[in-house]
Amino acid sequence: MAVAAGATAWPWMARAQPAAKAAQIGLLYPGFEAVTVTRIAALREGLRAVGYANADRAEILVRASEGDPSRLEVLAADLVERKVDAIVAISPSAVRSAKSVTSTIPIIANDLESDPVSSRFVSSLAHPGGNITGVFSDFPDFGTKWLELLKEAIPALSSVAALWDPATGHTQLEAVKNAGRLLNVKLEVVEIRAIAELQRAFQIASEHRPGAIIILSSPIFGTNPKLIADLTLEHHIPTATLFSEIARAGSLMSYGPNLLGTFRQTGTMLGKVLQGAQPADLPVERPTKFEMVINLRTAKALGLSISPTLLVSADEIIE
């Protein structure tokens with residue numbers, strides 16, 4: 001498209017920001033803009049951590065799809081047209097959308113679902129080779145861990161519903177299916193493609209009368225912690241997920257990367273690019289901090305008794 005073509009004239013090194021000038025950064029976000037406040041604060045922490053002089057003055061242009069993934073490409077094109085110095089793309093859909101409209105503006109990803117190599121976002125983890133780098137997490141072990149934790153909390157567990165966003169790919173889903181076979185737990189998959197489908201998805205899941213729900217990683221879920229927590233309590237179903245914010249809001253448990261920690265990490269990579277590093281040569285990073293949160297208040301409401309062994313292994317307990 002014309003916008004992308006116009007952007008191709010920008011050389012990499014022209015994007016390095018002198019100390020006197022603050023960058024203009026696009027934040028391409030698949031959820032609600034109101035949720036971005038804490039994410040932006042974490043990004044600025046990352047900028048400061050690598051000595052970017054204008055961390056507090058940098059202008060961050062938020063383009064949020066408000067839960068409608070079909071809007072992301074148009075929003076990405078707007079950022080390109082505004083000639084931002086870099087785009088921070090949150091989620092696989094946002095990375096794909098940004099990639100589709102520019103091959104030159106640096107794209108710093110925060111993507112907790114994709115394998116960046118198999119998704120063709122980068123050539124390799126060590127040498128991305130294009131205009132995309134960032135923080136990626138496609139650990140299939142999470143799917144196994146969620147099911148193991150639920151099984152420990154509910155020893156008689158025999159069936160689980162998995163809420164899955166097809167836009168995130170099959171890695172997580174296959175891991176959960178394999179874990180289900182190993183642990184002799186029947187798995188029902190419920191597809192969900194947009195925030196507007198959340199209530200319907202929980203209704204469908206509850207009709208299968210599962211012993212628990214696993215919420216696979218997706219920005220659809222990560223940007224709506226309160227709604228998801230309310231739905232799990234409304235349907236009286238224990239849930240496990242990647243997102244600690246959902247557990248804190250009222251679901252049973254979470255295990256995965258510290259979400260704001262991944263944004264700080266993304267901020268450090270963004271800072272390096274703004275100071276002259278080329279995304280092509282900036283290795284992809286993995287999350288470095290993980291946490292397990294158990295909501296004991298929710299467990300009591302669901303009539304569950306969480307074993308002391310499981311509680312001791314938690315990083316945070318909500319009482």
Side-chain angles (χ1 to χ4, degrees), residues 23-47 58-80 84-102 105-116 119 121-122 128 131-138 165 167-169 172 193-195 215-225 228 241-246 256-271 273-274 279 284-287:
Q24 189 176 65
I25 302 157
L27 177 61
L28 189 60
Y29 193 70
F32 295 104
E33 184 170 353
V35 181
T36 63
V37 175
T38 56
R39 277 70 168 161
I40 290 173
L43 283 174
R44 292 192 192 277
E45 286 180 24
L47 289 173
E59 182 182 7
I60 298 180
L61 303 179
V62 178
R63 295 296 180 267
S65 72
E66 304 297 322
D68 180 358
S70 68
R71 297 180 57 208
L72 285 168
E73 188 168 327
V74 173
L75 295 171
D78 176 67
L79 292 172
V80 173
V84 296
D85 296 289
I87 295 174
V88 176
I90 313 303
S91 81
S93 297
V95 178
R96 280 193 294 270
S97 296
K99 183 176 185 288
S100 73
V101 296
T102 181
I105 293 178
I107 298 169
I108 315 301
N110 181 296
D111 178 348
L112 302 184
E113 292 84 33
S114 299
D115 177 332
S119 298
F121 293 152
V122 301
N131 66 319
I132 300 175
T133 188
V135 179
F136 288 86
S137 170
D138 64 328
D165 173 10
T168 62
Q172 302 176 85
R193 299 172 186 271
I195 289 171
I215 302 172
L216 300 183
S217 181
S218 162
I220 290 175
F221 310 129
T223 59
N224 292 272
I228 292 176
T241 181
L242 178 97
F243 302 103
S244 59
E245 291 175 331
I246 297 178
N258 178 287
L259 187 60
L260 293 181
T262 69
F263 276 82
R264 282 188 287 272
Q265 200 173 349
T266 304
T268 65
M269 300 189 75
L270 171 64
V273 169
L274 294 176
V284 166
E285 295 186 8
R286 299 299 203 189

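One N or O on the side chain of Glu66 and one on the backbone of Glu33 form a donor-acceptor pair closer than 3.5 Å. With Arg44 contributing its side chain and Ala58 its backbone, the two residues share a donor-acceptor pair below 3.5 Å. In this structure a side-chain-to-backbone donor-acceptor pair under 3.5 Å is present from Arg286 to Phe136.
Inter-residue side-chain proximity for Arg264 and Leu260 is flagged as met; some heavy-atom pair is nearer than 4.5 Å. Looking at Leu270 and Ile25, their side chains come closer than 4.5 Å, going by heavy atoms from C-beta outward. No side-chain heavy atom of Leu72 sits under 4.5 Å from any side-chain heavy atom of Arg96. Looking at Ile40 and Val62, their side chains come closer than 4.5 Å, going by heavy atoms from C-beta outward. Inter-residue side-chain proximity for Ile228 and Phe243 is flagged as unmet; no heavy-atom pair is nearer than 4.5 Å. Using a 4.5 Å cut-off on side-chain heavy atoms (C-beta onward), Ile90 and Thr36 make no contact. Proximity of Val284 to Pro128: side-chain heavy atoms (C-beta onward) are separated by under 4.5 Å at one or more points.
Note that the OG atom of Ser70 and the CZ atom of Arg193 stand 13.0 Å from one another [nearest 0.5 Å]. Taken from OG in Ser97 to CG in Leu79, the straight-line distance is 11.0 Å, to the nearest 0.5 Å. To the nearest 0.5 Å, the span separating CD1 on Ile215 from CD1 on Ile246 amounts to 5.0 Å. Rounding to the nearest 0.5 Å places CG of Leu61 at 12.0 Å from CG of Leu75. If you take CZ on Arg39 and CG on Leu27, they are separated by 10.0 Å, rounding to the nearest 0.5 Å.
Heavy atoms only, all atoms of each residue included: Ala98 and Ile87 are closest at CB-CG2, 4.3 Å. Here the closest non-hydrogen pair linking Val35 and Tyr29 is CG1-OH, 3.5 Å. Ile132 and Val122 get closest at one heavy-atom pair: O-CG1, 3.4 Å. The shortest non-hydrogen separation linking Gly67 to Pro69 is O-CD, 3.3 Å.
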Using distance only, find each side-chain donor-acceptor pair of residues 105-114 under 3.5 Å and give its atom names and separation, not counting sequence neighbours.
{"from": "Asn110", "atom 1": "ND2", "to": "Thr262", "atom 2": "O", "distance (Å)": "3.3"}
{"from": "Asn110", "atom 1": "ND2", "to": "Thr262", "atom 2": "OG1", "distance (Å)": "3.1"}
{"from": "Asn110", "atom 1": "ND2", "to": "Thr266", "atom 2": "OG1", "distance (Å)": "3.0"}
{"from": "Asp111", "atom 1": "OD1", "to": "Glu113", "atom 2": "N", "distance (Å)": "2.9"}
{"from": "Asp111", "atom 1": "OD1", "to": "Ser114", "atom 2": "N", "distance (Å)": "3.0"}
{"from": "Asp111", "atom 1": "OD1", "to": "Ser114", "atom 2": "OG", "distance (Å)": "3.4"}
{"from": "Asp111", "atom 1": "OD2", "to": "Ser114", "atom 2": "OG", "distance (Å)": "2.8"}
{"from": "Glu113", "atom 1": "OE2", "to": "Ser217", "atom 2": "OG", "distance (Å)": "2.4"}
{"from": "Glu113", "atom 1": "OE2", "to": "Ser218", "atom 2": "N", "distance (Å)": "3.4"}

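With Pro30 as the partner, the side chain to side chain contact (heavy atoms under 4.5 Å, CB included) test is satisfied by one option alone out of Ser93, Ser91, Pro92: Ser91.
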